[in-house]
Chemist: 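Have a look at this one before I ask anything.
Reminder, nothing fancy here: chain letters follow the sequence lines and each chain counts from 1. Any value given below was found using the heavy atoms of this structure, including those in side chains, with hydrogens, waters and symmetry copies removed.
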Amino acid sequence: MKIAVVVKQVPDSETRINLAGPAPELDQSGFTRILNPYDAYAVEEAVKIKEAGGEVEVTAITIGPDTVKETIKKDCLAVGCDKAVIITDPALDKADDNAQATVLAAALQRDQFDLILLGIKAIDDDSGQVGILLAEKLGLPHVGFITKLDLGEGNLTAEREIEGGKEVVETSLPAVLTCQKGLNEPRLPSLPNIMKAGMKPQETLTCADLGVEVPANLVDIKMYSPPPARGECKLVEADDPAAAARELARLLNEEAKVI
Amino acid sequence: MPNIAVFIEQRDGALKKVAWQMMSEARRLVDAAGGEVWGVFLGTDAGEASGLAARYGADKVFTLTGDAFATYNSELWGTALAKFCKAQAPQLLLVGSTAMGKDLGPKVSAKLGCACVSDAVGLKLDGGLEVRRPVFAGKCFTDVTVNGDQAVVGIRPNAFVLEEKAAAGAVEAFDPGLDGVDAKAVVKSVEASAGGRVELTEAEIIVSGGRGIKGPENYVLIEKLADALGAAAGASRAVVDAGWVDYSHQVGQTGKTVGPNLYIAAGISGAIQHLAGMSSSKCIVAINKDANAPIFKVADYGVVADLFDVVPALTDEVGKIRG
Ligand SMILES: Cc1cc2nc3c(=O)[nH]c(=O)nc-3n(C[C@H](O)[C@H](O)[C@H](O)COP(=O)(O)OP(=O)(O)OC[C@H]3O[C@@H](n4cnc5c(N)ncnc54)[C@H](O)[C@@H]3O)c2cc1C
Ligand SMILES: Nc1ncnc2c1ncn2[C@@H]1O[C@H](COP(=O)(O)O)[C@@H](O)[C@H]1O
């Protein structure tokens, strides 16, 4: 069985974005970069399937600049992926979701994957589209937001989160799944494994190597702006908690008019 | 003259409020730019939906009814909506950023070969389409432009103000012709989680508890206040990781991004990842015994006190106000 984990490197969730005002570009060069937290669930699930036995090969696939190599080594190869395909091309610097999905689809089509796992969304663009677009481009079924996966012979059953509950979905392989918290507990890489990960095969490709032309963007970012400023915090002062609660309820009801 | 189609979401016949919020905004846009607002209903009985659509400003309501639309299937519904968009050619299809909409929007766009923008909070139509959406879980906003003459846009619940504006709401059946379309994946069963409270992303009020609640047995304090307010119950990651509540309650950069009218954070310090997910809430209340907790930097109202005293007292006070 061949599994692809399609992963993205993103700015650390601790990142502060300090924009003074609207700007056409966001300088991200100083940001610390990590594996997209949701993608760690995809990696862990693939590795768990491999550990459960049988002939399983796990390939990590990413689009990103040269700096993704460290993340791929530490958070994919060192925790159990067998090899990596890294697509690095300046033509993809501002590529939108559709363009990225087109290139990823071309990379996936070089091999016969039975299972393609992604995160539900990247915590930088918060888009949550690439998995679905990829499935459409490959003509494969897609199940999103999964919290449980059972593989059968040529098919799978997954649980996915919906409002106020969950759906149990069945589909055939090959399939594209997007993973989230609840699915598993991603492991951390050990130091010896990080050292050894450097020996695993890593292929770096351009779009030309893949024979794919990057489609024109369907969506372009025109402007970045800081979130609207928030007002001062009004501290509720009172002699005792009951009086504080009474005053807070009054303010929410009469001043803010939210209850 | 742009025609805007609004997806009217239902699950088991229950209609989602975000449809009427989107319709109100579509009406405002179209009143300024010309064109029509259309509702698109997929389900078995379009009666209630058509009535409400007319009330919130739909010129037309297209109904896609039949067995295929009794329960949600992403492939069948996605194909049906794409066929609808091809045949009727609206410039814009709006879907709510709900579990269903997040699944459906990109799928429809891929079938149409058009743009999809997710989780939008603002739309501008002058000449082209410009969409405002938060990125980095709300640490920053972007304005994006859309190329091509059709687009699908996912709209965050509660982003747009509901406004009644009666329109013709002429009902027209649309048959997408799904014979021979492979469903690909099949929903075997749906399990409702216990509680029956409103869901986080759709809630107008959210009460969230953090590590300050000290143990799983005390989350009930949060739930009681939530129930008094008709609110959803949320949590910080610390509480979720400790196993005190299910992940579906987590608010933040790796949980749900929410923007309710009122967000009450009790015993939550206000880590950057938590703030990212809730700082676009219209009114924020912090209850924390540490006056220096970062949550007070984003709060509109703060109470520096023990949540074990304040939260139950607030529950009582809310009960008195809301009767
Ligand atoms: C990659 C990554 C992603 C993350 N994503 C998220 C996310 O999506 N959401 C999220 O929430 N966090 C997230 N975090 C975790 C985040 O960094 C914080 O650790 C977490 O938010 C802390 O939760 P807390 O505020 O409940 O706990 P703490 O930081 O421990 O704060 C507890 C607060 O309760 C107060 N308190 C204690 N007792 C009382 C009392 N009796 N009465 C009143 N107040 C009291 C304390 O003063 C304190 O301020 C993420 C972290 C990482 C690294
Ligand atoms: N540049 C990329 N390279 C590889 N995978 C990606 C890339 N962008 C997005 N993905 C995958 O698609 C998922 C959803 O991303 P997005 O649609 O950008 O929110 C991520 O969790 C990744 O699994």
Chemist: Which bit of A:Leu19 is near chain B, if near means a heavy-atom gap under 4.5 Å: side chain, backbone, both or neither?
Modeler: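 Only the side chain of A:Leu19 comes within 4.5 Å of chain B.
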
Chemist: Check whether more than 12 heavy atoms from other residues, nucleotides or ligands sit under 6.0 Å from atom NZ of A:Lys74, and answer yes or no.
Modeler: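 Counting neighbours around NZ of A:Lys74, 12 or fewer heavy atoms of other residues, nucleotides or ligands fall under 6.0 Å, so no.
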
Chemist: Measure across A:Gly128 and B:Pro106 and return the closest heavy-atom pair with its distance rounded to 0.1 Å.
Modeler: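 Shortest heavy-atom contact: O-CG, 4.4 Å.
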
Chemist: Using heavy-atom distances under 4.5 Å, tell me whether A:Leu251 contacts chain B through its side chain, its backbone, both, or neither.
Modeler: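 Contact with chain B involves both backbone and side-chain atoms of A:Leu251.
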
Chemist: Side-chain contact test, heavy atoms from C-beta onward, threshold under 4.5 Å: evaluate it for B:Phe136 versus A:Asp124 and give yes or no.
Modeler: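 SC-SC contact between B:Phe136 and A:Asp124 confirmed.
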
Chemist: Evaluate the side-chain contact (heavy atoms from CB on, under 4.5 Å) criterion for residues B:Val190 and A:Ile162: first the C-alpha distance (whole Å), next the side-chain angles of each, then the deciding distance (0.1 Å), finally the verdict.
Modeler: CA-CA 9 Å; B:Val190 180; A:Ile162 58 169; 3.8 Å; yes

Chemist: Using only heavy-atom distances, determine whether the side chains of B:Arg133 and A:Ser127 contain a donor-acceptor pair under 3.5 Å.
Modeler: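 Note: B:Arg133 and A:Ser127 side chains miss the donor-acceptor criterion.
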
Chemist: Please rank B:Val310, B:Leu262, B:Val198 by heavy-atom pairs under 4.5 Å with chain A and give me the top one.
Modeler: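 With the most close heavy-atom pairs to chain A, the winner is B:Leu262.
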
Chemist: Establish, from distance only, whether the side-chain atoms of B:Tyr301 and A:Glu255 form a donor-acceptor pair under 3.5 Å.
Modeler: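 Side-chain D/A pair, B:Tyr301 to A:Glu255: present.
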
Chemist: Which heavy atom of A:Ala245 sits nearest to which heavy atom of B:Ala313, and what is that distance?
Modeler: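 A:Ala245 and B:Ala313 have their closest heavy atoms at CB-CB, 3.5 Å.
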
Chemist: Which bit of A:Glu232 is near chain B, if near means a heavy-atom gap under 4.5 Å: side chain, backbone, both or neither?
Modeler: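 A:Glu232 touches chain B through backbone heavy atoms alone.
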
Chemist: Does A:Glu14 reach the main-chain N or O of B:Ile272 with its side chain, forming a donor-acceptor pair under 3.5 Å?
Modeler: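 Between the backbone of B:Ile272 and the side chain of A:Glu14 there is no qualifying donor-acceptor contact (under 3.5 Å).
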
Chemist: Please look at B:Ile284 and chain A and tell me whether the side chain, the backbone, both or neither of the residue comes under 4.5 angstrom of a heavy atom of that chain.
Modeler: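 For B:Ile284, the contact with chain A is made by backbone and side chain together.
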
Chemist: Taking CD in A:Gln112 as the centre, count heavy atoms belonging to other residues, nucleotides or ligands within less than 6.0 Å. Is the count above 12?
Modeler: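 No, the 6.0 Å shell around CD holds no more than 12 heavy atoms from other groups.
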
Chemist: Any chance CG of B:Asp290 has more than 12 other-residue heavy atoms, nucleotides or ligands included, within less than 6.0 Å?
Modeler: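 It does: B:Asp290 CG has more than 12 such atoms within range.
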
Chemist: I'd like to verify something: which residue of B:Val135, B:Asn261, B:Thr145, B:Leu200 has the highest number of heavy-atom pairs under 4.5 Å with chain A?
Modeler: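 The answer is B:Thr145.
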
Chemist: So for A:Phe145, is it side chain, backbone, both, or neither that comes closer than 4.5 Å to the heavy atoms of chain B?
Modeler: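 Side chain of A:Phe145 only, per the 4.5 Å heavy-atom cut-off to chain B.
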
Chemist: Are side-chain heavy atoms of A:His142 and B:Glu75 found at a separation under 4.5 Å?
Modeler: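 Not touching, per the 4.5 Å side-chain cut-off.
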
Chemist: In the structure I gave you, are the side-chain heavy atoms of B:Thr257 and A:Lys121 within less than 4.5 Å of one another anywhere?
Modeler: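 With C-beta onward as the side chain, the pair touches.
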
Chemist: Do you know the tightest heavy-atom contact between A:Asp220 and B:Asn147?
Modeler: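 Closest approach of A:Asp220 to B:Asn147: OD2-ND2, 3.2 Å.
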
Chemist: Heavy-atom distance under 4.5 Å to chain A: side chain of B:Val285, backbone, both or neither?
Modeler: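 Contact with chain A: side chain only.
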
Chemist: So do the side chains of B:Ser109 and A:Leu133 get within less than 4.5 Å of each other, counting heavy atoms only?
Modeler: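 With C-beta onward as the side chain, the pair touches.
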
Chemist: Is A:Leu156 in contact with chain B via its backbone, its side chain, both, or neither, using a 4.5 Å heavy-atom distance?
Modeler: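 Contact with chain B is absent: no heavy atom of A:Leu156 under 4.5 Å.
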
Chemist: Is the shortest heavy-atom distance from the side chain of A:Val258 to the side chain of B:Ile205 under 4.5 Å?
Modeler: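 Side chain of A:Val258 against side chain of B:Ile205, heavy atoms only: no contact under 4.5 Å found.
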
Chemist: Is any side-chain heavy atom of B:Phe296 closer than 4.5 Å to a side-chain heavy atom of A:Leu235?
Modeler: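 They are in side-chain contact.
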
Chemist: Does atom NZ (B:Lys224) have a neighbourhood of more than 12 heavy atoms from anything else shown, all under 6.0 Å?
Modeler: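 Open.
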
Chemist: Counting only heavy atoms closer than 4.5 Å, note whether B:Ala305 contacts chain A via side chain, backbone, both or neither.
Modeler: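 No part of B:Ala305 comes within 4.5 Å of chain A.
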
Chemist: Do B:Cys283 and A:Leu252 have side chains that approach each other closer than 4.5 Å (heavy atoms only, starting at C-beta)?
Modeler: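 SC-SC contact between B:Cys283 and A:Leu252 confirmed.
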
Chemist: Pick one of side chain, backbone, both or neither for A:Asn253, based on which atoms fall under 4.5 Å of a heavy atom in chain B.
Modeler: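 Side chain only.
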
Chemist: Decide if atom CD of A:Gln28 counts as having more than 12 heavy atoms of other residues, nucleotides or ligands within a radius under 6.0 Å.
Modeler: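 Count over threshold, so yes.
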
Chemist: Check B:Ser118 against A:Asp126 and note the closest heavy-atom contact, atom names and distance.
Modeler: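 Heavy atoms of B:Ser118 and A:Asp126 come nearest at OG-O, 4.3 Å.
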
Chemist: At a heavy-atom distance under 4.5 Å, which candidate from A:Arg250, A:Glu185, A:Arg16, A:Glu247 has the highest pair count against chain B?
Modeler: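 Looking at each option in turn, the highest pair count goes to A:Arg16.
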
Chemist: At a 4.5 Å cut-off on heavy atoms, which part of B:Val240 comes close to chain A: side chain, backbone, both, or neither?
Modeler: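 Just its side chain gets close to chain A.
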
Chemist: Is there a side-chain contact (heavy atoms from CB on, under 4.5 Å) between B:Arg132 and A:Ser225 once you walk through the steps?
Modeler: CA-CA 10 Å; B:Arg132 170 161 279 224; A:Ser225 46; 3.2 Å; yes

Chemist: Heavy-atom distance under 4.5 Å to chain A: side chain of B:Glu204, backbone, both or neither?
Modeler: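 For B:Glu204, neither part sits under 4.5 Å from chain A.
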
Chemist: Could you tell me which of B:Gly230, B:Ala232, B:Ala137 has the largest number of non-hydrogen atom pairs under 4.5 Å with chain A?
Modeler: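 With the most close heavy-atom pairs to chain A, the winner is B:Ala137.
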
Chemist: A quick test of your reading: do over 12 heavy atoms of other residues, nucleotides or ligands sit less than 6.0 Å from CG of A:Asp239?
Modeler: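 Atom CG in A:Asp239 is not crowded, with 12 or fewer foreign heavy atoms closer than 6.0 Å.
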
Chemist: As an exercise, state the distance from CE of A:Met223 to CD of B:Glu130, rounded to the nearest 0.5 Å.
Modeler: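 So the CE of A:Met223 and the CD of B:Glu130 are separated by 8.5 Å.
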
Chemist: Pick from B:Asp300, B:Val311, B:Val303: which one has the most heavy-atom pairs with chain A under 4.5 Å?
Modeler: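 Heavy-atom pair counts peak at B:Asp300.
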
Chemist: For B:Gln253 and A:Ser13, test the side chains for any donor-to-acceptor distance below 3.5 angstrom and give the result as yes or no.
Modeler: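 Side-chain D/A pair, B:Gln253 to A:Ser13: absent.
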
Chemist: Using modelled atom types and a 3.5 Å cut-off, is there a donor and acceptor pairing between side-chain atoms of A:Arg230 and backbone atoms of B:Lys282?
Modeler: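 Yes; judged by distance alone, with no hydrogens or angles, the pair exists.
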
Chemist: In Å, rounded to the nearest 0.5 Å, how long is the span from CD of B:Glu191 to CD of A:Glu167?
Modeler: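 If I round to the nearest 0.5 Å, the distance is 11.0 Å.
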
Chemist: Could you tell me whether the side chain of A:Lys181 and the main chain of B:Gln250 form a donor-acceptor pair under 3.5 Å?
Modeler: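 No; judged by distance alone, with no hydrogens or angles, the pair does not exist.
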
Chemist: With a 4.5 angstrom heavy-atom cut-off, is it the side chain or the backbone of A:Pro227 that approaches chain B, or both, or neither?
Modeler: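 Both parts, heavy atoms under 4.5 Å.
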
Chemist: Any side-chain heavy-atom pair from A:Glu136 and B:Lys107 closer than 4.5 angstrom?
Modeler: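 Yes, close enough: below the 4.5 Å cut-off.
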
Chemist: Heavy-atom pairs under 4.5 Å with chain A: which of B:Val298, B:Val131, B:Asp182, B:Asp246 has the most?
Modeler: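 The answer is B:Val298.
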
Chemist: Of all the heavy-atom pairs spanning B:Cys116 and A:Val219, show the shortest one and how long it is.
Modeler: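 For B:Cys116 versus A:Val219, the nearest heavy atoms are O-CG2, 4.1 Å.
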
Chemist: With a 4.5 angstrom heavy-atom cut-off, is it the side chain or the backbone of B:Ser281 that approaches chain A, or both, or neither?
Modeler: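 B:Ser281 touches chain A through backbone heavy atoms alone.
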
Chemist: How long is the gap from NZ on B:Lys139 to OG1 on A:Thr15, to the nearest 0.5 Å?
Modeler: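 Atom-to-atom, B:Lys139:NZ and A:Thr15:OG1 are 5.5 Å apart.
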
Chemist: Under 4.5 Å from any heavy atom of chain B, what part of A:Arg160 do you find: side chain, backbone, both or neither?
Modeler: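 Side chain only.
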
Chemist: Checking heavy atoms, do the side chain of A:Pro11, its backbone, both or neither come under 4.5 Å from chain B?
Modeler: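 Contact with chain B involves the side chain of A:Pro11 alone.
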
